[in-house]
Amino acid sequence: MQTDLIQRLPKAELHLHIEGSFEPELMMALAERNRITLPFKTLEDARAAYNFSNLQEFLDLYYQGMQVLRTEEDFFDLTWAYLQRAEADNVRHVEMFYDPQAHTERGVPFGVVTDGILAAIKKGEQELGISSYLIMSFLRHLSEEDGFDLLVQSEPWHDKFIGVGLDSSEMGHPPLKFERLYQRCRELGFKLCMHAGEEGPPSYVREALLDIGVDRIDHGNRCMEDPELVSMIREMQIPLTNCPLSNLSLCVIDDLKQSPVKAQLEAGLLVTVNSDDPAYFGGYIGRNYEQTAAALGLSDQQLIQLARNSFTASFLPEANKQRHLAAIETAA
Ligand SMILES: [Zn+2]
């Protein structure tokens, strides 16, 4: 049974927005704790709202839900809930994005957000044995100047981040808009991630790869429209963090059979499977593997390759990668 194999395989999750793991139950509980009124009265109303047809509709709900996150304890609870869920899917390492600007712009201090997440990460390492790296993301619908402000504001925590990311509305906000900011982040020693080619054209992936010099491309679906670009990504072995159920929810694809994961594996690309915003897109990482395998007819060997890729594409030190890869051999 492939479900058993998927469960057994140790996995890393490399494309996860911690705010996107906000389940309606927890959202309603925190709304009550913080005495905030949500536009939905019942859990059913909330679940019904978790239904959208494109990136912008999703983002509107995503930012609305975040309003109830106010205290360090809220951010701790959010992160801890995700880590427990990840453990159930045998995730052994996580590199999670978070969006500080979405919180600071509504008056929640940077430290409240970051320290709450970090406390849960520490507990996850101690009690679940899951290692986690934090990736600070810039909101691309804001200006590069806003990004520089965040970089300054976050200075006391710089040793707590492995890298930076770029997310939110992609269309009209190409990678080059943030060229100077990313140059600075490179100088500061951060790993560079960037969402590109989810809705945006292949030229955005090219910019991220060649002009920005990213270490990892998030999504990257539309690189497949440009064979020369595919060759470059293969030769450079730049990882792609694909998110199949997210692609389906946001209508990047109409059917999971259109997911590029299999074609990317067969083209020799370092592709990984991830959940993106699992509370909103109908599944955590295990379900992403299962549904993708079923839709594309992935072989056991291809599933093992995806698990291997998740660690190879991570920012873990080489010795840790080897330890996880050895565990995959044992589990397979
Ligand atoms: Zn994402």
Side-chain angles (χ1 to χ4, degrees), residues 11-22 50 52-63 65-66 78-79 82 85-86 91 94-103 117 132-142 147 161-175 178 182 191-200 204-205 208 212 214-223 238-253 259-261 264 271-285 287-289 292 310 313-315:
K11 294 170 283 293
E13 171 131 79
L14 307 180
H15 186 154
L16 177 275
H17 302 269
I18 195 62
E19 297 94 335
S21 71
F22 206 6
Y50 276 43
F52 24 74
S53 57
N54 61 45
L55 183 59
Q56 197 55 53
E57 277 182 31
F58 155 66
L59 287 170
D60 292 345
L61 181 70
Y62 179 70
Y63 293 124
M66 278 183 206
L78 171 72
T79 309
Y82 164 75
R85 189 60 190 73
V91 171
V94 183
E95 299 186 356
M96 63 176 80
F97 297 113
Y98 80 124
D99 289 324
Q101 288 161 311
H103 310 299
I117 296 172
S132 299
Y133 289 160
L134 196 52
I135 301 175
M136 184 173 78
S137 281
F138 302 107
L139 296 178
R140 73 198 305 157
H141 64 266
L142 301 179
F161 312 129
I162 191 79
V164 295
L166 185 71
D167 56 26
S168 190
S169 322
E170 185 181 5
M171 294 304 279
H173 305 285
F178 299 93
Y182 266 70
K191 297 288 186 188
L192 307 183
C193 303
M194 206 176 242
H195 284 50
E198 179 187 17
E199 287 189 341
Y204 281 22
V205 182
I212 307 292
V214 293
D215 297 295
R216 205 154 69 199
I217 293 168
D218 297 308
H219 293 295
N221 294 50
R222 294 192 60 193
C223 75
I238 295 291
L240 302 176
T241 61
N242 194 273
C243 306
L245 290 176
S246 162
N247 286 171
L248 186 63
S249 285
L250 298 179
C251 305
V252 171
I253 51 177
S259 164
V261 167
Q264 289 174 340
V271 60
T272 63
V273 163
N274 308 272
S275 70
D276 204 3
D277 300 285
Y280 295 89
F281 299 151
Y284 287 77
I285 195 166
R287 194 170 157 85
N288 271 275
Y289 271 69
T292 308
S310 73
S314 76
F315 296 134

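Counting starts at 1 for both ligands and their atoms, following the listed order. This one's a predicted model, so the numbers in the text were calculated from it and none came from an experiment. What's counted below: heavy atoms across the whole structure, side chains too, no hydrogens, waters or symmetry copies.
In this structure, the side chains of Leu240 and Asn242 stay at 4.5 Å or more apart for every pair of heavy atoms. Side chains of Leu14 and Pro239 form no contact here, defined as non-hydrogen atoms less than 4.5 Å apart.
Of all heavy-atom pairs between Glu198 and Ser246, the closest is OE2-OG, 4.2 Å. When all heavy atoms of Ile253 and Pro244 are compared, the closest pair comes out as CD1-O, 4.2 Å.
The one candidate from Tyr62, Phe281, Phe58, Tyr280 that meets the ring pair (Phe, Tyr, Trp, His ring centres under 6.0 Å) condition with Tyr50 is Tyr280.
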Where do Lys191 and Tyr133 land on the side chain to side chain contact (heavy atoms under 4.5 Å, CB included) test, with the steps shown first? CA-CA 11 Å; Lys191 297 288 186 188; Tyr133 289 160; over 6 Å; no
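Excluding water, every protein N/O/S atom under 2.8 Å from the Zn ion (ligand 1) is given here by residue and atom: His15 NE2, His17 NE2, His195 NE2, Asp276 OD1.
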